[in-house]
Every structure is written in C-alpha cells, then in structure tokens.
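This report refers to the structure that appears directly beneath it.
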Amino acid sequence: MRIAVVADGEGGGWLQELDAVPGPVRRVADLAAAVRAAEHAGPEPPRWVWSAGEDVYPDLVRAGVRVSRCHDAALTEALLLGHQVRHREAHSLGAAWARLHGLPVPADPVRPLGEGAAAQPALFEADRSTLPPGTDRLAALVEVHGDQLRRIADLPDPGRMRLLTAVESAGGLAATEMSHDGLPWRPDVHDRILTDILGSRPPAGRRPPVLADLAARIGDAVGREVNPDSPAQVLKAMAWIGHPVESTRSWVLEQVDHPVVPLLLRYKELSRLHSANGWAWLETWVGERPGPRGERLGRFRPDYVVGGVVSGRWATRGGGALQIPKSVRGAVRSDPGWVLVRADAGQLEPRVLAAVSGDDALAAAAAEEDLYARLAVHVGGDRERAKIGMLSAMYGQTSGDAAPLLATMRRLYPRALDHVDSAARTGEGGGVVRSWLGRTSPAPDDWAAAVSGPGGDRRRRAHGRFTRNFVVQATAAEWALVLLAALRRRLPDMPEGGGIVFFVHDEVVLHVPAELADEAVRAVADAEAQTRTTLFGETPVRFPLATVVTDNYAHL
DNA sequence: ACATCAAGCCAC
DNA sequence: AAACGTGGCTTGATGT
C-alpha cells in the first residue's frame, strides 16, 4: 500500500491511497496523527509517497511520529535523471512535474544550512514547493510518482533501481531521525580533552597557551617572527634558514632535518584541532542541557545530505560531521543508563569489489575476517604491501612501487582487476559507469575541449581514476544504505533519543538504553546478513561488522 | 567591506 | 611512501 501525502502548512494535509486505482483524496486536520494511525493500521506499514523527505518528515519526527518506508520523489528523480546521464538537471517535484508538462523547469531550492532538525518547527511548511502557484500539489505528486514507477519499470534491470530508490529514500528517513536525535556529546569532556592538549581556553581570537608557546619557539628557531598559520610565511622562513621547500605539507617538512621542523609539525597538528574542533566548534555545534547527575549533556546534530556525493555517499553541512577527528571522539558518551553500539564495516571496498567482479580468488580472501592478511599470503609479501596494492587498484595509483604490485594483483585477481581497469578505460574515453544497483557516474563536462588541448592526457587519466573508483565506492555506499535501511526496521521501539544517531560511510552508531543493547547488537548482525544476500545473493564474500557496546565512542 | 581562491589537513 | 578516489572546513591571501 502506498499513500501519497502533502502537507498544508498548518499542521494538516491531504492523503491519497495509491493502489491500482488511486483512492479518494482525504483531508486531515492533524497530519501527524493521521500518519501515525495509518502506520499501524494494516498488517504491513504503508510506503509514504512524498515530494522530499525534508519537506514533511522533520515535522513528523518532531511530533513523535516515525514511519517505516517512503518513496522520496526528489531523491528518486535524481537517481533516474542520473541514470540517463542528466545529473545537472533539477530534481525537485516541481522540476519533474514541469518536465512532464513541457513547462519551464524550476531550479532546485537551496536548502538553508542547519535546516535538518536544528530549525524551529515549521508546521509542515508548504511554501518551499517548486510547483507553480495554484497547482494541485497532491495531484502533481501522484502524477510524478506514477511516471517514476513507469521509468523504473522500463529499465533493463528494474529490480535494482527499485531497491536503490527504496534504500535512498530510507536513507532520507534515517538522516532526518539522526539529525533530530543527535549524537550524544559531552561538552565538559570535550573541554577537558582540549585543555589537556592545548592548555586552558583562551579568549576568543587568541592562541591557547600551548600554541602560543610553540609559535614563540618557532620564531626563536628561525631567528625572526613567523606566523605558522600562514603557509607563505613558513615557506619564506624555511628558505631563510637554508632549507627551501616547495610546500609546507607535513610530509614535505618531515624530510627536512632542522630543529624547527618538529615544532612546526606539532603546531600544525594542534592548530588544526583548535581551529576545526576547538572551543568555538563546541559552542557552535553542541547544545547543552543538564543531566540527571548535574553533568553537562549535549547533542551534536549534523545536517546530512543524502546522496550529496556523486558516488552516493552522504555529505554533511556544518560542523564537519564526517571528519570528527579521532582525538575528540572521547567526547561522544552515552547518557547515564544508556550505551553506544558502534558497528564498523572493515575493508568494505575490496570486499565489494570481490562481490561485484565475481573474482573467485579475491572472494576467497574476502571470505576471511582479515582480507588483507590473506592477500599478503597470496602476494607473498607483508600485509601492508598487499593493502597498498589493493588500494592502488581501486584508486588508480601508479607512482611509487605500485606498478609491480599491480602486475601481481592482475595475475592473482584477474576478474577483479579487469572490473576496475575496464571502468577506468571507460572513464578515460569520457564515458560513464554504473554501480551495482545502477547509480550512474556523471559525464565529465566539456570533455572534447578538455582532452584536446595540452593536459588532455592528464585529464583523461584523472577521469579514468574517478570512474575506476566510482564502481567500487558507489557500490560500497549502496551496501551501507541497504544496511542502514535494514537496521532501522529491525531496531526495537526506543524512548526519545534512541536509535541510530550517527553514520559515516561504513560505520553506524546507535544510542540505546543499556537493557536494549543485546537486542540492538542482534539487529545489527541480522541487518548485515540481510544486506549481503539482498545485494549479492549467494556469495562467499563476507562483510564483517565489528560491533562494540561502549559508553565512549573513542573505545574500539 | 565582502567574496573567492589556494593551501592544507581531517575523515572515509 | 607520498600524488591516489570522495568530500568538508578553516585560514590567509587576493580580488572587487
């Protein structure tokens, strides 16, 4: 059962059941209540059809309503357009509707920063619609939805795109829920970590003591004042002391034997922490509320952008949620009486390559807990070398000692290497490639001009590396999406703030009451098993999920 | 004053 | 070991 839903901007809305024959339009005064009721009415929950998750779902979640499944017309439109290599075209409901009617296509609305869950309740705001004023929004939604189902059915492999649009839509649900619940974050612990490393908190705009001291010692070592935050000044300083360098990257400086180098490296490392995840970050991104024992509890609420990366990985905006440095992860703590359940997929991309390429030898290695260790046995070298060889194959690295390694890989894992090599050849020719479920790489822009001039070969190779990596990275992102969708449907009902609270490419974090930890761990394991068979059927490849129950995200 | 770019490092 | 994929973010430098 599918139910199309449109909000009226005042807490109510319109619903229409979409069976073979669309049902009558039903006007409801309390949309949240109506959705909640329908969600539990039948033996199976409906699939909600809506214009875009961010139009409707944040308000539902704020009202305490969660849904199982949806069809997100905007996310679906983007996938279908992409499949036709029309990535640049607008994908909102209004854009899809305009194309159906031969009308001018509106640009996609820009989503304001921090809208996810940090924004005030919007009462099912309707004015973000890209449909022309006066259009029957429910009818337009039903029409676009029907068209999308037909376009999917017409694909060579409709089952895969059906799965892809379903899990992409489920990702939209999970993203909204995660933004709402937030990642539990202890400001007092974060402050303690910063103070331990940087010294006491300075007034805004000043360097913390440890950085100020390092800057002074750098000046002394050079013989004149240097702002270590300025690469230009550091370059001059290095030349001044007789060690000219071509850049101030850490690994370049590491080659230089001079007493200022360790000071600079230390400064860069700590300065990065201070500027990117220091006290200013804490103040901006983590709210606070008092805990039951007087501790300061907070939540970090990233704004996730589902499908924000061409490969289908998610992006986030604001707060840098996908790059929380290891050094501050200790600030992520479960609430008292709760635990974090952290599940991390190890070596996901080579396992994905083994599964999609059907390479028996690589699949045999991917049946092991430690794929790289098994590779090392095959390759006849150490684990680290085997890993570099595998990554070189997936990323297109050619420098260093990658070339002989790649030759070995090609001999041992011919089908796997052929899979990425042929994707690379396609890219070098300006073509597009697809993931396992049919997410399609964007065509390069201005290809003819770009490859005809000087630097054309470089450009070809660069695009070849992109498509080479795309077939693996995009399929790995699909694996993660299927896992996320499977997991959120398996989790038991939780009190407010419980459930999936964080997701980074190949890792999920749950925040659950301690007494539900065992059940959550089982749900993770079940979700993995289902993900593997849903995507790849019978395969020897394993996707081990390292799952830990802890009160501290820094703990492995 | 503000916008944009390049450099650099963080994550996966 | 160091140029190899996807991103976000902050800073200083440069341009309008």
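Only heavy atoms go into these numbers, but all of them, side chains included; no hydrogens, no water, no symmetry mates. Per chain, numbering begins at 1; letters A, B, ... match sequence-line order.
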Pairs flagged by salt bridge (charged side-chain N to carboxylate O under 4.0 Å, His left out) wherever residues 458-478 of chain A is involved - sequence neighbours left out: A:D421-A:R468
Give A:S311 one of three labels, base, sugar-phosphate or nothing, depending on what nucleic acid heavy atoms sit under 4.0 Å from its own. nothing
Take the angle between the ring planes of A:H463 and A:W447 and call it parallel below 30°, perpendicular above 60°, tilted in between. tilted
Looking only at side chains, do A:H511 and A:D181 share a donor and an acceptor under 3.5 Å apart? no
By side-chain contact (heavy atoms from CB on, under 4.5 Å) - contacts of A:V226 (at least two apart): A:I218, A:V222, A:Q233, A:V234, A:A237
Here the salt bridge (charged side-chain N to carboxylate O under 4.0 Å, His left out) pairs for residues 545-556 of chain A, sequence neighbours left out, are none
Is the phosphate of B:dA7 approached by A:S247 (side-chain N or O, under 4.0 Å from OP1 or OP2)? no
Expected list for residues 370-391 of chain A near DNA chain C, using heavy atoms below 4.0 Å, is none
For residues 378-398 of chain A, pull every pair meeting ring pair (Phe, Tyr, Trp, His ring centres under 6.0 Å), keeping only residues two or more places apart or in separate chains. A:H378-A:Y413
A:Y267 meets the ring-ring contact (aromatic ring centres under 6.0 Å, His included) criterion, sequence neighbours left out, with none
Relative to the ring of A:W281, is the ring of A:H190 parallel (under 30°), tilted (30 to 60°) or perpendicular (over 60°)? tilted
For A:R465, report the nucleic acid contact type (base, sugar-phosphate, nothing); a contact means any heavy atom under 4.0 Å. sugar-phosphate
For residues 365-376 of chain A, pull every pair meeting salt bridge (charged side-chain N to carboxylate O under 4.0 Å, His left out), keeping only residues two or more places apart or in separate chains. A:E368-A:R374, A:E369-A:R542, A:D370-A:R383
If I take atom CD in residue A:Q323 and atom C1' in nucleotide B:dC12, what distance separates them, rounded to the nearest angstrom? 10 Å
Both A:G396 and A:N227 contact DNA chain C. Taking the nearest nucleotide for each, which residue is further toward the 5' end? A:G396
Would you call the rings of A:F300 and A:W185 parallel, tilted or perpendicular if under 30° counts as parallel and over 60° as perpendicular? perpendicular
What contact category does A:T316 fall into here, base, sugar-phosphate, or nothing, at under 4.0 angstrom with non-hydrogen atoms? sugar-phosphate
Atom OH of A:Y395 and atom P of B:dC12 are separated, to the nearest Å, by 11 Å
N/O donor-acceptor pair, side chain A:R313 with base B:dC12, under 3.5 angstrom: yes
Contact class for A:G308 vs. all strands (heavy atom < 4.0 Å): base, sugar-phosphate, or nothing? nothing
For DNA chain C, which nucleotides open and close the run of contacts to chain A, 5' to 3', at under 4.0 angstrom from a non-hydrogen atom? C:dA2 to C:dA13
Could you check whether A:R458 gets within reach of a base, just the sugar-phosphate, or nothing at all, counting any heavy atom under 4.0 Å? nothing
Sorted by chain and residue number, the side-chain contact (heavy atoms from CB on, under 4.5 Å) partners of A:S441 (sequence neighbours excluded) come out as A:V432, A:V433, A:F466, A:T467, A:F470
Between A:K268 and A:D229, is there a side-chain N and carboxylate O pair less than 4.0 Å apart? no
Find which nucleotide of DNA chain C each of A:A315 and A:M394 is nearest to by heavy atoms, and output the residue with the more 5' nucleotide. A:M394
Tell me the interatomic distance from A:K326, atom NZ, to B:dC9, atom C1', rounded to whole angstroms. 13 Å
Sorted by chain and residue number, the salt bridge (Lys or Arg N to Asp or Glu O under 4.0 Å) partners of A:R224 (sequence neighbours excluded) come out as none
Can you tell me the distance, in whole Å, between the CD atom of A:E349 and the P atom of B:dC12? 12 Å
Residue pair A:T248 / A:P231: nearest heavy atoms and the distance that separates them: CG2-O, 3.6 Å
Residues from residues 212-221 of chain A sitting under 4.0 Å of DNA chain B, heavy atoms only? none
Under 4.0 Å between any heavy atoms, over every strand shown, what does A:V310 touch: base, sugar-phosphate, or nothing? Just pick one. sugar-phosphate
Which of residues 252-284 of chain A sit near DNA chain C, with a heavy atom under 4.0 Å from it? A:R272, A:S275
